Amino acid sequence: MGGQLGFIVNQITFKPKPLPADIRFDNQTAIVTGSNVGIGLESARQLTSHGISHLILGVRDTTKGDAAQADIQKSNPKCNIKVWQLDLESFDSIVSFADRAKSLDRLDIAIMNAAIKQLKFTTSPYGHESNLQVNHLGTALLSLLLLPTLRKSSKKNGIPSRLTFSSSEVHFWTPFNEKSAPKILERMDRKESFTNGMERYYTSKLLNVFWFRELASRIDAAEVIINGTNPGFCATQLHRHDHSQGFKILAKLLAWSSEQGAYFLLDAAVTKKDESHGAYIQEQKITPPSKFVLSSQGKAVQKKLWAETIEVLKKECPNVMFDNVTNS
Ligand SMILES: NC(=O)c1ccc[n+]([C@@H]2O[C@H](COP(=O)([O-])OP(=O)(O)OC[C@H]3O[C@@H](n4cnc5c(N)ncnc54)[C@H](OP(=O)(O)O)[C@@H]3O)[C@@H](O)[C@H]2O)c1
């Protein structure tokens with residue numbers, strides 16, 4: 001599992017399965033981030049076709065979000081679909097989004113799907129390297145700030161709410177050169193550490209795995225089931241900066257559709273139950289994450305990354321109270 005040959009074989013042989021037709025989400029509310037295109041859009045569409053009553057599209061560009069909303073609404077006119085602005089490059093935007101979510105009557109499912117694969121060194125307005133900012137820091141902050149709403153909803157409705165992260169098999173492939181740095185996140189922000197854009201994206205997806213595992217260890221699965229999944233290699237705009245001929249051929253031969261990618265996300269967010277709390281899911285099965293994640297060094301890095309992430313978020317968001325968000 002996790003090797004590049006295994007990846008190719010899986011892409012050719014595995015047939016992603018959609019949600020069982022009889023699963024219904026009537027009266028439920030879901031948030032899907034990055035849902036104007038790609039796997040997020042198709043996940044949102046599939047939730048509506050299974051009867052979700054209220055759907056929030058968390059998008060950075062609301063014009064694109066409005067187009068997605070109109071498109072989904074055509075086939076599902078009864079669903080209450082709202083477009084909310086969310087830019088994971090802006091901590092203010094994330095805090096506003098999460099504050100808005102507090103007004104929801106219930107929040108059953110939150111899918112942390114939005115991400116970038118930025119192959120050049122660029123930084124967010126806060127000076128954080130862009131893959132790190134969007135895929136880890138922004139996603140981590142949003143997940144923390146949605147937790148009280150997810151937990152409140154679970155208590156009110158007597159069923160665990162769901163928080164699912166879109167990670168990737170590529171988390172197996174990163175050398176994670178920063179792993180022994182005294183301050184891992186600080187090192188990742190430095191231009192000289194950005195030697196290979198693809199590896200940086202891989203590392204950001206490894207950070208997702210560390211984050212959801214640590215978060216799950218601090219939250220009771222009876223309240224919120226937290227997991228992460230690999231939606232597989234899909235032909236989406238994620239690869240918009242990848243212009244190499246080799247990549248184009250690989251995509252043509254191997255890539256799944258966004259619709260198939262959404263089967264994986266919804267499988268993790270809905271059909272996998274509390275046995276999936278803290279688990280990595282691949283090919284719609286609970287699967288061990290990389291050997292590094294499970295190693296003693298990996299376990300120490302997971303704790304260190306949690307502490308470093310909270311430290312960065314406290315510094316960037318001085319008005320947010322983080323201490324009561326998790327159980328410990
Ligand atoms: N496609 C694959 O092969 C593959 C494989 C494994 C894992 N994944 C994961 O699957 C998830 C979905 O990716 P995808 O393939 O569907 O890619 P995509 O088509 O590029 O969609 C990514 C979504 O994230 C949004 N986004 C990007 N930056 C954002 C920001 N700063 N704030 C808020 N939203 C932002 C994008 O918005 P804009 O449209 O405005 O850019 C878009 O809606 C990602 O987590 C990705 O890492 C994908």
Side-chain angles (χ1 to χ4, degrees), residues 2 7 10-11 16 31-45 56-69 83-94 96-97 111-119 122-126 128-143 164-174 198 200-209 211-212 228-242 247 250-252 254-266 268-269 280-283:
F7 156 75
N10 283 336
Q11 286 287 138
I31 288 175
V32 185
T33 68
S35 38
N36 54 291
V37 284
I39 298 168
L41 170 64
E42 293 310 320
S43 300
R45 195 192 308 284
I56 313 294
L57 307 179
V59 298
R60 66 172 156 179
D61 178 336
T62 52
T63 308
K64 291 184 192 171
D66 290 342
Q69 190 245 13
V83 176
W84 288 7
Q85 207 276 339
L86 169 70
D87 185 354
L88 297 173
E89 275 213 297
S90 160
F91 293 117
D92 287 344
S93 164
I94 297 166
S96 304
F97 184 92
I111 301 183
M112 305 291 101
N113 164 76
I116 54 168
K117 185 172 86 177
Q118 175 54 272
L119 300 179
T122 57
T123 56
S124 72
Y126 306 83
H128 299 296
E129 188 280 315
S130 299
N131 293 283
L132 181 66
Q133 166 81 41
V134 173
N135 301 358
H136 175 59
L137 294 172
T139 299
L141 177 62
L142 181 64
S143 64
T164 287
F165 293 76
S166 184
S167 177
S168 175
E169 180 168 12
V170 300
H171 88 268
F172 285 85
W173 302 349
T174 174
M198 200 65 108
R200 175 52 59 89
Y201 168 72
Y202 296 171
T203 304
S204 73
K205 295 280 114 182
L206 172 64
L207 298 193
N208 290 154
V209 176
W211 183 258
F212 73 69
T229 189
N230 169 34
F233 175 40
C234 300
T236 67
Q237 293 184 27
L238 183 74
H239 313 292
R240 64 189 88 173
H241 302 299
D242 209 327
F247 183 81
L250 204 67
K252 216 173 183 131
L254 297 180
W256 286 320
S257 65
S258 300
E259 191 181 348
Q260 289 173 306
Y263 294 168
F264 292 97
L265 265 192
L266 294 191
Y280 172 71
I281 299 161
Q282 178 152 317
E283 282 102 42

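Every number for a ligand or one of its atoms is a count from 1 in the order of the listing. As the structure is a prediction and not an experimental result, all values here were calculated from the model.
Looking only at heavy atoms of the protein, atom 22 (C) of ligand 1 is closest to Ala115 O, 3.7 Å. Ranking the protein heavy atoms by distance from atom 19 (O) of ligand 1 puts Gln237 N, 3.3 Å first. Nearest protein heavy-atom contact of atom 12 (C) of ligand 1 is Asn113 OD1, 3.0 Å. Of all protein heavy atoms, the one closest to atom 40 (O) of ligand 1 is Arg60 NE, 3.0 Å. Protein heavy atom closest to atom 34 (N) of ligand 1, with residue, atom name and distance, is Ala114 CB, 3.5 Å. Looking only at heavy atoms of the protein, atom 14 (P) of ligand 1 is closest to Thr236 OG1, 3.5 Å. Annotation: atom 18 (P) of ligand 1 to nearest protein heavy atom, Leu238 N, 3.5 Å. Ranking the protein heavy atoms by distance from atom 33 (C) of ligand 1 puts Leu86 O, 3.2 Å first.
Taking distance alone, with nitrogen or oxygen atoms compared against 3.5 Å, Pro231 stays at or beyond that limit from ligand 1. Taking only nitrogen or oxygen atoms, main chain and side chain alike, Ile39 reaches within less than 3.5 Å of ligand 1. Between Asn230 and ligand 1, no pair of N/O atoms sits closer than 3.5 Å. Checked by distance only, ligand 1 and Gly34 come closer than 3.5 Å through their nitrogen or oxygen atoms.
In this structure, Arg240 has a heavy atom closer than 4.0 Å to ligand 1. Contact between Phe165 and ligand 1 is absent, with no heavy atom of the residue lying under 4.0 Å from the ligand. Distances from ligand 1 to the non-hydrogen atoms of Met112 include no value under 4.0 Å.
Residue Ile116 comes nearest to Leu238 through the heavy atom pair C-CD1, 3.9 Å, listed as atom of the first residue, atom of the second, then distance. Heavy atoms only, all atoms of each residue included: Cys234 and Ala255 are closest at C-CB, 4.0 Å. In this structure, Pro231 and Ser166 approach most closely via the heavy-atom pair CG-OG, 3.6 Å.
Between the side chains of Thr174 and Thr203, at least one donor-acceptor pair of N or O atoms lies under 3.5 Å. Side-chain contact of Gln133 with Ser124: a donor-acceptor pair under 3.5 Å is present, judged by distance alone. A donor-acceptor pair shorter than 3.5 Å cannot be found between the side chains of Ser167 and Asn208.
Less than 6.0 angstrom separates the ring centroid of Phe247 from the ring centroid of Phe233. Taking the six-membered ring where the residue is Trp, the centroids of Phe165 and His136 are separated by 6.0 Å or more. For Tyr263 and Trp256, the ring centers sit 6.0 Å or farther from each other. Aromatic ring centres of His171 and Tyr202: separated by at least 6.0 Å.
Side-chain atoms of Asn131 come within 3.5 Å of backbone atoms of Gln118 as a donor-acceptor pair (strictly under, hydrogens ignored). In this structure a side-chain-to-backbone donor-acceptor pair under 3.5 Å is missing from Thr229 to Ala268. Within the 3.5 Å criterion, the main-chain N or O of Glu283 finds no donor-acceptor partner in the side chain of Asn230. Glu89 places no side-chain N or O within donor-acceptor distance of the main-chain N or O of Val134, the cut-off being under 3.5 Å. Distance alone, capped at 3.5 Å, places no donor-acceptor pair between the Gln237 side chain and the Arg240 backbone. In this structure, the side chain of Gln11 engages the main chain of Leu254 through a donor-acceptor pair within 3.5 Å.
Taking a cut-off of under 4.0 Å to the non-hydrogen atoms of Glu89, the atoms of ligand 1 that pass are 31 (N). Against a heavy-atom cut-off of under 4.0 Å, Asp87 is close to the following atoms of ligand 1: 30 (C), 31 (N), 32 (N). Ligand 1 places these atoms under 4.0 Å from at least one heavy atom of Phe233: 3 (O). Annotation for ligand 1: atoms under 4.0 Å from non-hydrogen atoms of Val37 are 19 (O), 21 (O), 39 (O), 42 (C), 43 (O). Heavy-atom proximity to Tyr201, at under 4.0 Å, picks out these atoms of ligand 1: 7 (C), 8 (N), 46 (C), 47 (O).
With a heavy-atom cut-off of 4.0 Å, Phe97 does not touch ligand 1 at all. The side chain of Ile116, and not its backbone, has at least one atom closer than 4.0 Å to an atom of ligand 1 (non-hydrogen atoms only; side chain from C-beta on). In Ser167, the part holding a heavy atom less than 4.0 Å from any atom of ligand 1 is the backbone. For His239, every heavy-atom contact with ligand 1 shorter than 4.0 Å involves the side chain, none the backbone. With a 4.0 Å cut-off on non-hydrogen atoms, Lys64 touches ligand 1 through its side chain and not its backbone. At a heavy-atom distance under 4.0 Å, atoms from both the backbone and the side chain of Ser166 approach ligand 1. Neither the backbone nor the side chain of Thr33 comes within contact range of ligand 1; no heavy atom lies under 4.0 Å. Of the heavy atoms in Val134, only side-chain atoms (C-beta onward) come closer than 4.0 Å to ligand 1.
Evaluated by nearest non-hydrogen atom to atom 5 (C) of ligand 1, the leading choice among Gly232, Ser168, Cys234 is Gly232.
A cation-pi arrangement is not found for Lys205 relative to Tyr280, the charged atom failing to lie both closer than 6.0 Å to the ring centre and inside a 45° cone about the ring normal.
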